[in-house]
Engineer: 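Before we start, here is the structure in question, set down as structure tokens.
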Amino acid sequence: MKVTPEIFNDDQQLVLLAQKDRNAFGLIYEKYFERIYLFVYKRVQDEAKAGDICQEAMLKAMFNIEKYENRGAPFTAWLYRIASNEVNLFFRKSKKILSVEIQEKDLKDIMVEISLQKIDDQDEQDKLISALNSLKPEHSEIIDLRFFMRYSFKEIAEFYNITEANAKMRVYRILDRLKKGWKTK
Amino acid sequence: MRTYKVNRKDTPKVPSKETIEKYKDFSALSHEYDKMVKRPKVPLYKDKKMFLVLLLVALVAILLSQMGDRKSAEEDSESTNTEQVED
């Protein structure tokens with residue numbers, strides 16, 4: 001079958017093709033490998049491991065493409081969730097702690113969001129780091145997406161399959177918690 | 001569990017397009033998929049170990065069915081005996 005650019009750009013058509021013929025999954029692979037690889041790389045910080053995890057995630061997606069149902073969320077949200085689960089599985093299996101390296105600029109952005117004054121003060125920054133380290137895993141994941149992976153609220157909403165308003169609410173609730181924790185310190 | 005640390009010096013390293021291409025291999029993925037999905041070429045009964053397992057399962061099934069037959073036959077004869085005694 002000839003794949004026109006229109007089909008290639010339409011995820012739902014690609015999914016339908018892949019559900020009929022598994023070899024057509026190659027189109028999805030071609031389109032999204034790089035994005036998924038970078039997503040995984042940002043978490044594992046190792047090129048080879050990111051490659052392995054990415055392949056594993058794509059294999060799982062290929063296996064489960066039949067079960068995929070379009071419920072309004074973009075197809076990429078489904079792919080990212082599989083990749084995210086694979087990353088978590090990798091860290092659980094290897095009993096390693098996911099270490100996230102934050103750029104100073106990103107840290108300052110959080111400080112501005114929670115209205116902290118001395119954003120250049122290293123002690124304050126370290127305090128924020130320890131506050132971030134005490135977050136629940138599900139909360140730190142959303143903070144990761146928003147501030148360190150630079151996801152828009154729309155993208156976060158797609159990732160969790162929730163509404164944009166809900167994504168905003170979740171982020172600000174966590175920031176509020178960080179802020180309250182700060183005041184009590 | 002995750003821990004955060006600040007990077008105050010280096011700019012974040014992002015893999016180049018060439019590096020990503022190096023790990024991109026759909027034929028390997030396809031091969032892996034086929035390996036997991038497709039039926040084995042050798043039929044189960046031609047595999048020595050599987051043959052023994054199948055044989056064992058068949059023997060147990062025959063044994064169980066014979067035991068069942070014997071039990072029902074015994075029950076039948078017992079019931080006819082008690083009927084004769086009552087007469």
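Side chains included, hydrogens not; waters and symmetry mates left out as well; all remaining heavy atoms used. A note on names: the letters A, B, ... follow the listed sequences, proteins ahead of strands, and every chain is numbered from 1.
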Engineer: Does atom NZ (Lys168(A)) have a neighbourhood of more than 12 heavy atoms from anything else shown, all under 6.0 Å?
Structural biologist: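 No, not enclosed.
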Engineer: Once rounded to the nearest 0.5 Å, what's the spacing between atom CD1 of Ile129(A) and atom OH of Tyr4(B)?
Structural biologist: 9.0 Å
Engineer: Please classify the contact between Ala50(A) and chain B as side chain, backbone, both or neither, with a heavy-atom cut-off of under 4.5 Å.
Structural biologist: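 Answer is neither: Ala50(A) stays 4.5 Å or more from chain B.
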Engineer: Roughly how far, to the nearest 0.5 Å, is the CE atom of Met58(A) from the NZ atom of Lys24(B)?
Structural biologist: 9.0 Å
Engineer: Once the angle between the rings of Phe25(A) and Phe26(B) is folded into 0 to 90°, is it parallel (under 30°), tilted (30 to 60°) or perpendicular (over 60°)?
Structural biologist: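 Parallel: the ring planes of Phe25(A) and Phe26(B) meet at under 30°.
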Engineer: Does Arg70(B) CZ have over 12 foreign heavy atoms under 6.0 Å away?
Structural biologist: no
Engineer: Tell me, yes or no, whether the heavy-atom count around Glu164(A) atom CD, taken from other residues, nucleotides or ligands under 6.0 Å, exceeds 12.
Structural biologist: yes
Engineer: Looking at every heavy atom in both Leu29(B) and Gln55(A), which two are closest together, and how far apart are they?
Structural biologist: CD1-O, 3.3 Å
Engineer: Measure the OG-CE distance between Ser30(B) and Met62(A) for me, rounded to the nearest 0.5 Å.
Structural biologist: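 Going from OG on Ser30(B) over to CE on Met62(A), the span is 4.5 Å.
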Engineer: State plainly whether the residues Lys17(B) and Glu34(A) are in salt-bridge range, i.e. N to O under 4.0 Å.
Structural biologist: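 A salt bridge is present here (some side-chain N lies under 4.0 Å from a carboxylate O).
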Engineer: Using the rule that Ile, Leu, Val, Met, Phe, Trp and Tyr join whenever any side-chain heavy atoms are under 4.5 Å apart, tell me whether Phe159(A) and Leu89(A) fall into a single cluster.
Structural biologist: no
Engineer: Where does the angle between the aromatic ring planes of Tyr37(A) and Tyr23(B) fall among parallel (under 30°), tilted (30 to 60°) and perpendicular (over 60°)?
Structural biologist: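 Judged by the thresholds at 30° and 60°, the geometry between Tyr37(A) and Tyr23(B) is parallel.
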Engineer: State yes or no: do Tyr68(A) and Val37(B) share one hydrophobic cluster built from I, L, V, M, F, W and Y residues joined by side-chain heavy-atom distances below 4.5 Å, directly or via other members?
Structural biologist: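 Shared cluster, yes.
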Engineer: State, with a plain yes or no, whether a side-chain heavy atom of Met36(B) is found less than 4.5 Å away from one of Leu59(A).
Structural biologist: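 Met36(B) reaches Leu59(A) side chain to side chain.
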Engineer: I need the minimum non-hydrogen distance between Asp25(B) and Tyr29(A), along with the two atoms involved.
Structural biologist: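 So the minimum-distance heavy-atom pair works out to N-OH, 2.8 Å.
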Engineer: Considering only heavy atoms, which portion of Glu56(A) lies under 4.5 Å from any heavy atom of chain B: side chain, backbone, both, or neither?
Structural biologist: neither
Engineer: Do Val14(B) and Phe39(A) share a hydrophobic cluster (ILVMFWY, side-chain heavy atoms under 4.5 Å, transitive)?
Structural biologist: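 Yes, because Val14(B) and Phe39(A) connect within a single hydrophobic cluster, where side-chain heavy atoms sit under 4.5 Å apart.
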Engineer: Starting from Tyr172(A), can I reach Phe148(A) by hopping between I/L/V/M/F/W/Y residues whose side chains sit under 4.5 Å apart?
Structural biologist: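 Per the 4.5 Å side-chain linkage, Phe148(A) and Tyr172(A) are co-clustered.
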Engineer: Can you get from Leu16(A) to Leu14(A) by hopping between Ile, Leu, Val, Met, Phe, Trp and Tyr side chains that sit under 4.5 Å apart?
Structural biologist: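 Hydrophobic grouping puts Leu16(A) apart from Leu14(A).
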Engineer: So what's closer than 4.5 Å to chain B heavy atoms on Phe63(A): side chain, backbone, both or neither?
Structural biologist: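 Both the backbone and the side chain of Phe63(A) come within 4.5 Å of chain B.
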Engineer: Mind checking the CG-CG spacing from Asp34(B) to Asn23(A)? Nearest 0.5 Å is all I need.
Structural biologist: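 Those atoms lie 7.5 Å apart.
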Engineer: Dump the intermediate steps for side chain to side chain contact (heavy atoms under 4.5 Å, CB included) on Ile20(B) and Leu38(A), then the final yes or no.
Structural biologist: CA-CA 8 Å; Ile20(B) 298 173; Leu38(A) 289 172; 3.9 Å; yes
Engineer: Using non-hydrogen atoms only, which part of Leu107(A) is less than 4.5 Å away from chain B: side chain, backbone, both, or neither?
Structural biologist: side chain
Engineer: Measuring heavy-atom distances to chain B, does Leu135(A) have an atom under 4.5 Å in its side chain, in its backbone, in both, or in neither?
Structural biologist: neither
